[in-house]
Number of protein chains: 2
Amino acid sequence: MPRLIPLLASLGLSLLTANAAAAESPRQVIIDQDAFGPATSNLQAVLMAIQAPDVKVLGITVESGDGWCRENTQHTLRMLELIGRTDIPVAAGPDLPLLNTPQATKLWEARYGKLAYKGAWTEAWPKNSVVPRSPPHAADVVPPMAEGAPKLKARPEAAADFLVQTVRAHPHQVSIVALGPLTNLALAVKLDPELPSLVKELVIMGGSFSPQPPPGGSPFASEYANTPRLEFNFRFDPEAASIVLHQHWPQLTLVPVDPTTTTYLGQSTLDTIGKAGTPVARYLQRYGQAGYPLWDEMAMGLWLDPALIRQQRTLSVDVDTDHGAGYGNTLSWNPGLNPGLGETSAKVVFKVDDAALLQQFTQLMQAPTPRR
Amino acid sequence: MPRLIPLLASLGLSLLTANAAAAESPRQVIIDQDAFGPATSNLQAVLMAIQAPDVKVLGITVESGDGWCRENTQHTLRMLELIGRTDIPVAAGPDLPLLNTPQATKLWEARYGKLAYKGAWTEAWPKNSVVPRSPPHAADVVPPMAEGAPKLKARPEAAADFLVQTVRAHPHQVSIVALGPLTNLALAVKLDPELPSLVKELVIMGGSFSPQPPPGGSPFASEYANTPRLEFNFRFDPEAASIVLHQHWPQLTLVPVDPTTTTYLGQSTLDTIGKAGTPVARYLQRYGQAGYPLWDEMAMGLWLDPALIRQQRTLSVDVDTDHGAGYGNTLSWNPGLNPGLGETSAKVVFKVDDAALLQQFTQLMQAPTPRR
């Protein structure tokens with residue numbers, strides 16, 4: 001930096017100006033997610049980044065998780081069409097996680113009990129489900145889409161290749177916000193083991209430590225009473241999560257389900273947003289799915305504004321890849337008690353300013369969509 | 001095909017001629033391997049394909065296994081320089097398997113006993129080792145090479161990407177002969193789940209069923225007396241092996257260690273080869289490592305000439321990915337007894353015409369190297 005100062009001075013710039021310019025340049029992000037329908041928590045989080053005026057979304061990578069990768073990709077592409085941001089590239093991953101399968105999961109359930117939620121692998125939706133979903137189907141089926149099918153196509157390259165190429169094109173500049181199972185990111189770090197060192201930071205929505213139900217209870221928190229360490233994203237592809245949590249990321253923030261149990265997106269918020277009348281507002285009012293916690297929105301909201309974090313701890317984190325009762329469970333240790341087998345250290349978020357998060361979300365969704 | 005006949009006739013070709021031409025066109029192969037030094041079993045198998053007049057080697061992909069990937073890649077590149085075939089592309093994979101690590105392996109050994117061989121992760125070579133090896137070292141170290149360091153560079157893309165691109169460029173035409181841990185191939189099928197259906201056939205050197213020591217014993221067979229299902233390639237990256245064995249390959253031949261225990265490459269064979277005086281013969285005479293079974297040479301020899309197979313059985317095959325005593329062990333079932341969780345069916349080779357294999361090897365190594 002000292003060598004830069006004379007150059008900057010000769011250009012009539014002060015160091016302060018140069019730093020300010022750097023801070024003002026758009027933050028660059030790749031979002032990795034598993035949207036199963038229009039305007040789900042996943043896509044609402046994606047929209048937060050797209051709507052943020054100081055953020056450039058370099059691309060969206062998609063995996064199987066809440067829905068199958070192929071349907072998730074279609075919903076993502078259609079969302080981009082409807083809001084007029086077809087310039088954002090989308091790249092898809094494989095149908096299946098690294099090793100886990102629907103069949104293996106059924107056998108596990110026969111031995112250890114039913115999982116509360118299996119995403120794309122759920123055999124039947126409960127009748128009292130908050131949000132109607134397409135009936136369960138095969139990986140290569142894309143059920144009719146309420147919002148219409150997209151003409152826009154995904155990139156030809158695999159999501160993992162897209163991640164590598166995009167980070168390599170902007171070394172140390174790109175944040176990755178990962179909102180689904182970590183299949184794509186695990187493949188990317190194995191394709192290019194230098195990738196983590198070239199990323200600016202990684203934010204993961206995943207893991208479960210000891211979530212407490214909110215006052216009055218919540219259908220989304222009750223499952224953790226018996227399985228406090230079992231969270232869907234990590235459980236869907238435990239091996240991928242463990243691979244990602246064995247890399248050295250310059251900065252890693254983990255947003256587990258713990259701080260999300262007190263959040264809630266109600267219809268009144270969607271109605272408020274709808275009044276803005278923009279394409280994004282109309283998309284949310286029409287397809288937005290009220291009745292969920294702000295899972296992925298929280299991870300994105302904290303990447304956008306870390307000041308919303310109220311409580312966090314630095315912990316060593318891994319995922320159980322043994323195939324017994326604990327398969328996919330979050331493992332964590334206070335610093336110094338971890339086994340030291342390469343597992344990483346993460347800033348784990350436990351409490352967030354819920355009201356400020358909802359306000360941030362609402363304001364972003366009401367704002368005009370930045371041009372490409 | 002019927003629509004082709006008038007076209008062929010108009011060109012003065014009979015269908016017979018066209019078919020014969022197709023059969024005569026070179027067989028195309030990608031070799032995936034883990035050579036730890038010059039003219040090891042791995043590179044000798046690679047040379048067999050290069051030397052075969054009716055074969056085109058489309059590329060060589062390299063992984064960690066017997067040695068670290070980086071040193072393996074350097075030995076491979078140098079071999080290509082010394083024999084004048086720098087046109088053959090080489091692409092490298094990651095330093096580490098998908099999940100397995102040297103540290104995890106040491107902990108496993110503390111609980112379940114020492115592994116007879118750990119390739120790149122071996123802490124110290126036995127004093128009575130058949131072949132001198134460089135002392136164990138870190139993944140990013142390439143010890144001084146007896147044959148000299150190469151100027152030739154590996155391709156910039158990852159081995160898995162190279163596999164996908166090369167198979168996609170020649171759909172249904174490419175055989176893959178995989179001689180080491182299956183890290184690269186597992187990544188490739190997860191990057192492009194259609195890859196297996198686009199490959200012509202896959203031959204794997206790996207797995208162990210119930211190897212018997214040859215009359216008089218063999219230092220390379222004794223380890224199987226206590227661990228008949230434990231073989232190095234599968235054990236080094238069990239998750240990768242299991243991923244590969246859960247794909248639907250048009251044709252899959254598995255060459256386990258079982259038929260290799262009766263084979264042996266002696267110094268007299270290398271001396272015989274050396275008399276040919278070609279660059280390949282000189283390379284083998286100078287750096288060839290006598291005293292080993294023909295492990296990888298057998299897999300390549302059977303791909304080149306399946307008539308050498310004396311006994312084979314079709315079995316369902318998988319690899320144990322539980323982290324207990326059996327981690328990495330070969331699992332197999334007679335048809336119909338397999339669990340049906342997606343594990344594949346393979347033609348497993350149990351006996352080979354050893355004399356004919358050695359003759360095939362010798363003749364190929366004495367032949368002139370086909371031009372690029």
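Values in this document were obtained by computation on a predicted structure and should not be read as measured data. Convention: sequence-line order gives letters A, B, ...; per-chain numbering from 1.
If you measure heavy-atom distances from A/Thr183 to chain B, you find no contacts under 4.5 Å at all. In this structure, chain B has no heavy atom under 4.5 Å from any part of A/Pro339. Both the backbone and the side chain of B/Leu96 come within less than 4.5 Å of a heavy atom of chain A. Interface remark: A/Leu98 contributes backbone and side-chain atoms alike to the contact with chain B (heavy atom separation under 4.5 Å). Of the atoms belonging to B/Pro97, it is backbone heavy atoms, and not side-chain ones, that fall under 4.5 Å from chain A.
With 3.5 Å as the limit, one finds a donor-acceptor pair spanning the side chains of B/Gln33 and B/Thr76.
Interface summary for chain A: among B/Val164, B/Asp161, B/Leu107, the most heavy-atom pairs under 4.5 angstrom belong to B/Asp161. Between chain A and the residues B/Ala186, B/Pro94, B/Ala159, the most heavy-atom pairs under 4.5 angstrom are made by B/Pro94. Interface remark: of the candidates B/His246, B/Gln103, B/Glu239, B/Glu239 forms the most heavy-atom pairs closer than 4.5 Å to chain A.
With A/Asp34 as the fixed residue, the side chain to side chain donor-acceptor pair (under 3.5 Å) test singles out one of A/Asn72, A/Asn42, A/Thr61, A/Thr73: A/Asn42. For the ring pair (Phe, Tyr, Trp, His ring centres under 6.0 Å) test with B/Phe236, the passing option among B/Trp68, B/Trp121, B/Tyr117, B/Tyr327 is B/Trp121; the others fail.
Looking only at distances, a side-chain donor or acceptor of A/Glu343 sits under 3.5 Å from a matching main-chain atom of A/Leu341.
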Working note: B/Arg70 + B/Asp95, criterion salt bridge (charged side-chain N to carboxylate O under 4.0 Å, His left out); need CA distance, chi angles, decisive distance, verdict.
CA-CA 7 Å; B/Arg70 302 191 203 192; B/Asp95 289 333; 2.7 Å; yes
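The line from CG of A/Asp237 to CG of A/Asn100 is 7.0 Å long, rounded to the nearest 0.5 Å.
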